[in-house]
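Inspection log for the structure reproduced underneath, given as structure tokens.
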Amino acid sequence: MPYWAFDAPDVFAAEQQRLFEGPVWNYLCLEAEIPNAGDYKTTFAGRMPVIVVRDRDGAINAFENRCAHRGALIALDNRGNAKSFSCVYHAWSYNLRGDLVGVAFQKGVKGEGGMPPSFCMADHHPRKLRVETISGLVFGSVASDAAPLRAYLGDEIVARIERVFRGRTPVVLGRFTQSLPNNWKLYVENVKDSYHASILHLFFTTFKLNRLSMKGGIIIDPSGGHHVSYSQIDPAAARDAEYTAQQLRSEDESFGLADPTLLNGFDEFPDGVTLQILSVFPGFVLQQIQNAIAVRQVLPREVDRTDLNWTYLGFADDTPEQRSIRSKQSNLVGPAGYVSMEDGCVGGFVQRGIASAQDECAVLEMGGSSAESQESRATESSVRGFWKAYRAVMGL
Amino acid sequence: MSDALTAIAALNARYARCIDDDGLAGWPDFFTERCLYKVTTAENFADGLEGAVIYADSRAMLVDRVSALGEANIYEKHAYRHILGAPFIVSEQDDGTRSETSFVVVRIMRDGTTDVFASGRYVDVVRLEGGEAKLAQRIVVCDSSRIDTLLALPL
């Protein structure tokens, strides 16, 4: 894997056109964030600013947050409710589908000025995205030639998304943006890299918090771009062990946590999966670590700057006790997470390490050279899968 | 100056010194045994969202955070300098004194890079425990929703 992929400005520029605006689905927001007609959220497809809005008929529309007149942002708030949108610069206005419906002084003032008679409002509008949803997650695609979302994801990834949501209505518990000092692909590689987990993240090992009777594996879709890494209680082994399903336990109390209630869980997932990290190409992550559920949106800002938007989730039917458990377990994840804070800095270590190594290459041979599903997590197969999908889209 | 104002200002001064200059070991002792320490953003706080990047409801959880930072977590060496405003006393009640204190935290990286890492306010409840003023609640409400790289040392 050549290092120029992480710091070449021309590659970074090409990614916006070929990849983020290409035949992929970008995660935009949650349906739960825009429940009512007129509710909108501003978001991004790569670096393209996007408005996602709930229409009067309940449909979800998404269009570029760029006025068709002179290119200014149309919406300036993170979230809100609107009957229509109006650009502050010259008051060109848009309906909830992104159609241009008003041009200030179109007929001029007292017969002077104004747009030429040939001007047709229907010819001018910000670019519109195709929108599809799965389990309340809203995805948008700029290119018209992307496969439908479910076909894009494939059956295995769809099932792995649905097992987390199980038809429940998600509730946003909090939002945080983590600024990463590295190219966006270094973070995506990190998410897919199951090899580093027990080496870089020492929290569980240090506190002797070992999972008993676990099995796990990696699922990679045929495109290579999406993956699932999971661990699951092995029912055969678990039958003999005296412990509750979701709990971790300390082997040696003297090394344990002073307050082990951090890891108390509740029985939420009947399949016994205690950890599932799922990624959708190019920049979406769905996380279930015990009962800590979150979505992460990976957004390129500059060639060596990335925004990681965390949205922590609960569900509408959570009890107060379950909410409290989710809050405690959220200490494991996010910018200050016991098993994730290292991921915030390690991409920067690579970015700085490769400062003059454009002609050198990374080694990605753990677990062979293919990009297929594996039972072992001592593998880099899903990282190879990312590059397989990346090359296909980028034509590199 | 009221007694409460003096006591909380003194508590804050010791708190900042503990994190910035004294290696963090005594940080949990600023809190009551059952307590609430949270780090969140102004937007989440205003929207009534309970999610936090750090959440502890016991002093023991803070002890665990200090241990994890010292022994488990990996991050580049850095230090903070807390600049704290004068406490604003919201109310004095039997169950504790509610106050708010503005903060700016400057982060110094190992190569000398110095940045404003966070600004915001502490939303506190201070109670006497064994004759000493302790934090029964410190909600660290950061003005920005953005955290650069990672949050290791507490605010």
Side-chain angles (χ1 to χ4, degrees), chain A residues 78-79 171-182 199-207 209 255-262 292 294 305 307-314 320 323-324 326-331 333-349 352, chain B residues 28 31 33-78 109-111 113 115 117-118 140-142 144-155:
Chain A
N78 295 338
R79 281 176 302 284
V171 174
V172 173
L173 302 182
R175 298 182 185 88
F176 303 93
T177 298
Q178 193 173 1
S179 300
L180 304 176
N182 52 263
I199 300 169
L200 177 66
H201 306 303
L202 297 173
F203 179 77
F204 285 133
T205 320
T206 302
F207 289 97
L209 301 163
F255 284 96
L257 292 166
D259 187 345
T261 65
L262 173 75
R305 300 294 304 180
D307 276 358
L308 180 60
N309 289 328
W310 293 84
T311 307
Y312 293 6
L313 299 180
R323 280 294 165 80
S324 159
R326 292 195 204 282
S327 286
K328 283 196 189 189
Q329 292 186 354
S330 70
N331 283 293
V333 299
Y338 286 135
V339 295
S340 69
M341 72 168 77
E342 291 86 1
D343 298 328
C345 60
V346 77
F349 298 165
R352 281 145 63 194
Chain B
F31 293 83
E33 194 176 336
R34 302 301 310 171
C35 60
L36 177 65
Y37 175 81
K38 276 173 68 165
V39 178
T40 187
T41 71
E43 196 178 337
N44 289 329
F45 191 71
D47 290 347
L49 302 183
E50 61 209 80
V53 286
I54 301 179
Y55 176 95
D57 65 0
S58 71
R59 186 193 288 154
M61 283 185 80
L62 302 173
V63 169
D64 288 332
R65 190 152 280 268
V66 174
S67 311
L69 292 174
E71 291 164 41
N73 288 118
I74 295 167
Y75 48 91
E76 213 167 1
K77 199 175 283 181
H78 63 282
M109 299 304 295
R110 70 182 166 98
D111 70 349
T113 303
D115 294 305
F117 179 64
V140 181
V141 182
C142 296
S144 170
S145 59
R146 187 175 284 278
I147 292 170
D148 182 67
T149 307
L150 55 79
L151 176 67
L153 304 174
L155 295 168

Please look at [X] and chain A and tell me whether the side chain, the backbone, both or neither of the residue comes under 4.5 angstrom of a heavy atom of that chain.
X       : answer
B/Ala52 : backbone
B/Val63 : side chain
B/Arg59 : neither
B/Leu62 : neither
B/Ser67 : both

[X] (side chain) donor-acceptor with [Y] (main chain) under 3.5 angstrom:
X        : Y        : result
B/Asp64  : A/Asp259 : yes
B/Lys38  : B/Glu50  : yes
B/Asn44  : A/Arg175 : yes
A/Glu342 : B/Ile74  : yes
B/Tyr37  : B/Val140 : no
B/Asp111 : B/Thr113 : yes

Please rank [options] by heavy-atom pairs under 4.5 Å with chain B and give me the top one.
options                                : value
A/Arg326, A/His201, A/Arg79            : A/Arg79
A/Gly334, A/Gly314, A/Ala336           : A/Ala336
A/Cys345, A/Pro181, A/Ser327           : A/Ser327
A/Thr261, A/Asp307, A/Val333, A/Leu313 : A/Asp307

Heavy-atom proximity to chain B below 4.5 Å, by part of [X]:
X        : value
A/Val172 : both
A/Asp343 : neither
A/Asn309 : neither
A/Leu200 : both

Residue selection (most heavy-atom pairs with chain A, distance under 4.5 Å) from B/Glu71, B/Glu76, B/Arg65:
B/Arg65

If I compare all heavy atoms of B/Cys142 with all of B/Leu155, which pair ends up nearest, and what's the gap?
SG-CD1, 3.7 Å

How close do B/Ser58 and B/Cys35 get, counting heavy atoms only, and between which atoms?
C-SG, 3.6 Å

List in chain and number order the residues that pass ring-ring contact (aromatic ring centres under 6.0 Å, His included) with A/Tyr338, two or more places apart in sequence or in another chain; answer none if no residue qualifies.
A/Phe203

